[in-house]
Amino acid sequence: MGRGFSVETLSRSGSLCSAQSGMLPLNASQCGFCTPGFVMAMVYAQITKKDQTPEQALAGNLCRCTGYGGLIEATRIAQSQPLDRAFVDEIEGATTVLRQLSRGGFSIINHNSRIDAPKTLENLLDLRKNFSSATLVSGATDFGLWITKRLDRPSHVILTKFCEQLLLREIRSDIIEIGAAVTIEDLENSLVSEYPELQEWFQRFGGPQVRCSGTLGGNIANGSPIGDSAPVLIALGASLTIHSCRGRRVIPIENFFIEYGKQDLLRDEVLVSILIPRRTHIRRLAVEKISKRYDQDISIVLAAMAEISGDKPSYRFAFGGMAGTPKLAEKTMESLNPDDLTSDFTPLSDHRAEAWYRLAVSKNLVRDFLDGDTSRE
Ligand SMILES: Cc1cc2nc3c(=O)[nH]c(=O)nc-3n(C[C@H](O)[C@H](O)[C@H](O)COP(=O)(O)OP(=O)(O)OC[C@H]3O[C@@H](n4cnc5c(N)ncnc54)[C@H](O)[C@@H]3O)c2cc1C
Ligand code: FES
């Protein structure tokens with residue numbers, strides 16, 4: 001164990017766990033490259049006992065050798081069995097260590113690098129003010145790629161995920177407040193009962209590993225035009241609370257995205273929470289993710305469409321992948337004519353899709369949503 005972290009192997013005893021031994025008679029492993037990921041997905045399914053099909057439990061894991069028949073069958077068997085006793089003991093041990101670590105409130109400083117893990121918002125904001133060039137890191141699912149792909153070597157990192165205020169999940173009479181460091185997995189648990197239409201969208205956000213680590217705040221603050229949460233939150237009419245030592249401000253989320261690569265966040269500010277309206281006025285919601293692969297893929301287009309009830313219903317259509325930022329289709333919302341998306345957006349062609357395709361698919365999605373509106377018949 002180094003610096004408080006341990007690497008847990010499948011079994012210290014050398015014997016196979018139930019997920020591994022289930023794979024053997026089914027020949028579910030060939031070159032073995034993908035096998036650890038599949039086995040861990042099966043074990044995670046045993047731990048969470050979620051009501052999932054084997055395909056959902058394995059989503060995001062790819063095998064280039066075996067075909068998926070044996071893997072799916074092995075998962076079905078694993079799901080019907082309890083978690084192995086050896087795992088229960090190891091998980092309890094690891095959980096104890098992680099609980100100690102997750103108390104936060106530490107700084108690791110050496111001659112050329114520094115990591116801070118503040119526990120309170122006050123400390124976080126002080127650090128942000130005093131070290132404005134430090135990198136904020138939440139779940140590190142984007143940040144990790146800057147290290148491995150861009151070979152960045154940041155000298156100072158401030159971790160947000162130990163800060164209690166950023167982990168808040170509170171359901172109030174009119175608002176659901178979600179701390180910026182809440183993971184996508186925990187967000188699902190808070191939001192799906194209010195908005196069941198989001199269930200499939202959650203399932204298609206990365207894989208379980210990414211959802212358990214990646215945060216809602218990170219997904220917004222990265223400013224990506226193809227981040228999956230922004231269009232959904234824009235359609236729902238969400239706001240952001242942004243804090244600094246100078247005070248707190250609340251802005252509609254669509255105003256956060258100024259242009260490609262530029263967000264409304266100053267160097268001494270931190271995104272602290274996301275305010276999502278309760279269901280009250282939202283009559284219908286549809287979220288459509290268009291990507292080349294169903295699971296574990298980046299969106300070509302993400303459309304989130306909401307009908308808001310009132311004397312005269314109004315609509316919020318928000319899109320990712322159609323411009324340099326996630327954006328409302330304001331003209332189309334007014335006219336309810338899908339062809340007006342051509343005025344709202346001038347999408348790019350890239351390796352995921354050409355501009356004409358993005359426009360065509362978006363028009364069809366809006367048309368389908370409006371066709372499903374029985375009150376307009
Ligand atoms: C395999 C894989 C699959 C993925 N699939 C998807 C997908 O399907 N859909 C999707 O949208 N994304 C996907 N992503 C991208 C990523 O997982 C998400 O964007 C995730 O939500 C980022 O959150 P994080 O906590 O990991 O961010 P981090 O990597 O910790 O940070 C991201 C950025 O946000 C900033 N930041 C973080 N927290 C704050 C804060 N509180 N205040 C201000 N700035 C902050 C950081 O400084 C950094 O610039 C995927 C990534 C991987 C590696
Ligand atoms: S066994 Fe070779 S990639 Fe899956």
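Please read these numbers as outputs of a predicted model, since none were measured by experiment. Along the sequence shown, the residues carry numbers beginning at 1. Numbering of ligands and ligand atoms starts at 1, following listing order.
- Aromatic pair Phe317/Phe319: centroids not less than 6.0 angstrom apart.
- Residue Gly227 has at least one heavy-atom neighbour below 4.0 Å for each of these atoms of ligand 1: 11 (O).
- The ligand atoms of ligand 2 that sit less than 4.0 angstrom from a heavy atom of Cys63 are 1 (S), 3 (S), 4 (Fe).
- Contact analysis leaves Val272 out of contact with ligand 1, as no non-hydrogen atom separation drops below 4.0 angstrom.
- Under the 3.5 Å distance criterion, the side-chain polar atoms of Asn61 are matched with a main-chain donor or acceptor of Leu58.
- Vertex atom 2 (Fe) of ligand 2; arms to Cys65 SG and Cys31 SG; angle rounded to 10 degrees, 100°.
- Summary of contacts: the protein heavy atom closest to atom 28 (P) of ligand 1 is Ala140 N, 3.6 Å.
- Residue Asp142 holds the heavy atom nearest to atom 22 (C) of ligand 1 of all those in Asp142, Ile158, Val137.
- Nearest-residue assignment for atom 2 (C) of ligand 1 (options Asn222, Leu302, Asn219, Val210; heavy-atom criterion): Val210.
- The shortest N/O to N/O separation between Gly139 and ligand 1 falls below 3.5 Å.
- Contacts between Trp201 and ligand 1, counted as non-hydrogen atom pairs separated by less than 4.0 Å, are absent for every part of the residue.
- Side-chain atoms of Arg284 come within 3.5 Å of backbone N or O of Phe369 as a donor-acceptor pair.
- When atom types are taken as modelled, the side chain of Arg358 and the backbone of Ala353 share a donor-acceptor pair closer than 3.5 angstrom.
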